[in-house]
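Only a predicted model underlies this, so the values are computations on that prediction, with no experimental measurement involved. Quick note: numbers below take in every heavy atom, side chains included, and nothing from hydrogens, waters or symmetry partners.
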Amino acid sequence: MKFFKPILFGILVAALLFSCVEDTVSTDVSVYTEEVVFASGQRAIMTGRLLAEAAVGVQDHGFQIDTEESFPSPIIVSLGEKDVPGRFVGQTEALNIEVSYYCRAFIQTKGELKTGNIIPFSTLTPFAVDFEPKEGKQNNQVTIEGRNLTDDTRILWNGNEITPNSIVAETFAEINVPAIADDPVIDLAILSQGSTSALNDPFEYIIGEWTEVGQLDDIIKNTRHVFFEDGEEFIYGLGLAQSNLTSAVQILNKNTLQRTTIALPGQAVEGAFYHEGFVGSGSMTRVFNEMMPIDLSGEFFKYENQSFTKLADVPKRLYLAVGLVADEKLYLYGGETEDRQRNFASYIYDIATDTWTLGFESPFSPLSAYPFFHLAGFNYFVLEDGTTWRHDYTNNNWEQMADFPTDVKEYGVSLILDGHAYVGMQDTNRRIYVYRPETNSWRSKNSLPDNNPFNTLGGWINNGEIFIVRNEVSVPTNRVLWKLDPLAF
């Protein structure tokens with residue numbers, strides 16, 4: 001009898017514990033659909049709540065989603081067993097875009113299906129936002145930003161489908177740039193579940209073909225000089241020649257590359273303003289640093305027929321001022337005064353009457369060592385910090401435009417071709433950019449292939465091509481002429 005007493009006691013304890021567990025499992029269980037917390041093109045996240053006063057024994061729980069409120073063929077989001085009441089979260093990525101759905105939570109307990117309240121929701125439309133970079137070459141990576149992108153998203157590259165390398169968070173699609181075909185400007189769009197959304201800007205291949213034309217016979221190293229075009233002639237000179245002030249001016253025939261030398265009938269200067277044959281002011285002594293006071297010239301000339309005509313003196317003597325010819329007038333901006341203060345006043349020269357008048361106050365003081373150009377009825381200036389400004393001189397309205405795409409250095413080129421400005425080649429930099437006023441955008445052209453350090457003497461346009469003269473830094477007598485076909489690839 002003593003042997004059976006412990007066994008009997010164990011059986012009684014086990015029975016008691018089992019009965020306690022059965023008593024704490026709730027038999028009154030319900031389910032509630034809380035909300036659809038997120039919906040995109042193909043994805044939705046839902047929350048529900050299992051309601052009970054104690055532990056539960058639910059064999060399955062989750063959500064049903066259907067396009068009809070009666071749920072005839074629902075998408076089942078099954079979350080499996082659950083033994084405690086409270087919130088649960090489910091998600092699906094099996095939805096279609098631009099569709100109205102109904103959602104309800106469910107539980108499966110003791111063979112009985114219980115469903116919660118019904119919440120309607122709609123999926124969204126995929127759309128394109130932006131992409132970077134805006135330009136590049138074959139095999140460069142481009143990231144397209146969008147919203148509600150689906151797993152089947154394709155990128156339309158001038159209408160041709162490209163499968164992205166990856167799609168991240170329904171937002172970013174990455175592709176590699178394919179080889180250039182017959183068009184360097186590419187329209188981009190995203191295609192998701194048959195829905196197309198175009199991007200506003202095109203992608204552009206970096207193109208342009210450089211050819212070395214040859215060496216020029218002028219072996220004098222010119223710096224801080226002036227240069228401009230006049231028909232079939234390229235004119236350059238003044239400034240420093242072999243580090244000394246010079247009044248010599250070279251006339252180069254664009255087609256034959258034959259050169260003629262003349263002299264300015266006035267004071268030799270450096271840092272004169274110049275544009276379309278007009279030349280004026282500048283320092284009558286060599287400038288060694290940014291602090292030294294300088295003696296400035298007031299002379300003003302016009303080049304024509306291989307000679308210079310003296311005009312009315314400038315109203316204010318300036319160093320590195322910017323002169324821009326527009327609508328039969330020359331607008332003079334910025335520069336430095338004799339005590340090296342920046343000038344903010346402007347002056348207007350009337351070509352027909354050979355007279356100067358005081359113009360408008362400028363919000364900044366541009367220098368001719370940095371890019372400047374006249375284009376499509378506006379005067380443009382690139383400042384030392386890379387900001388680009390446009391002046392509507394008719395209404396005296398100043399507007400900041402797209403920033404210059406790289407660090408700005410001194411003494412490059414700003415050339416106008418087919419309504420666009422080609423700017424760059426500053427200092428020893430080998431890059432040139434095109435500014436398009438219709439899109440207010442800067443885009444790169446292929447860099448000059450010569451890796452040796454060269455400075456830019458100047459450039460011109462001829463027969464739809466860009467010509468640049470470069471001086472080798474270590475061998476200043478080596479003067480090389482290059483041409484760029486900006487549309488070749």
Using 30° and 60° as the class boundaries, would you call the ring planes of [X] and [Y] parallel, tilted or perpendicular?
| X | Y | value |
| --- | --- | --- |
| Phe372 | Tyr274 | perpendicular |
| Trp210 | Trp482 | perpendicular |
| His225 | Tyr236 | perpendicular |
| Trp442 | Tyr435 | tilted |
| Phe360 | Tyr333 | tilted |

Tell me the closest heavy-atom pair linking [X] and [Y], and the distance in Å.
| X | Y | value |
| --- | --- | --- |
| Ala54 | Pro85 | O-CD, 3.5 Å |
| Ser362 | Trp398 | OG-CZ2, 3.6 Å |
| Met46 | Cys103 | CG-SG, 3.5 Å |
| Ala488 | Glu209 | CB-CB, 3.7 Å |
| Ile206 | Lys445 | CG2-C, 3.6 Å |

For [X], look at atom [atom1] and say whether over 12 heavy atoms of other residues, nucleotides or ligands are found less than 6.0 Å away.
| X | atom1 | result |
| --- | --- | --- |
| Asn200 | CG | no |
| Asp182 | CG | no |
| Glu328 | CD | no |

Can you check whether Phe228 and Trp460 have ring centres sitting under 6.0 Å from each other? no
Taking the ring of Phe364 and the ring of Trp389, is the distance between their centroids below 6.0 Å? yes
Under 3.5 Å, side-chain donor or acceptor atoms of residues 400-424 against the rest of the protein: list the pairs with distances, not counting sequence neighbours.
| unit_1 | atom_1 | unit_2 | atom_2 | d |
| --- | --- | --- | --- | --- |
| His420 | NE2 | Glu438 | OE1 | 3.4 |
| His420 | NE2 | Glu438 | OE2 | 2.9 |

Does [X] come within less than 4.0 Å of [Y], counting only side-chain N to carboxylate O?
| X | Y | value |
| --- | --- | --- |
| Glu170 | Arg147 | no |
| Glu34 | Arg104 | no |
| Lys254 | Glu229 | yes |

Cation-pi check, Arg49 onto Phe88 ring (under 6.0 Å, within 45° of axis): no
For the residue pair Lys134 and Phe131, would you count it as a cation-pi contact if the rule is NZ or CZ under 6.0 angstrom from the ring centre and within 45 degrees of the ring axis? yes
Should Ile118 and Phe71 be marked as a side-chain contact (heavy atoms from CB on, under 4.5 Å) after you check the CA-CA gap, both sets of side-chain angles, and the distance that decides it? CA-CA 10 Å; Ile118 297 172; Phe71 293 84; 3.7 Å; yes
Pairs in or reaching into residues 167-203: which pass ring-ring contact (aromatic ring centres under 6.0 Å, His included), with residues at least two apart or in two chains? Trp157-Phe203, Phe203-Tyr205
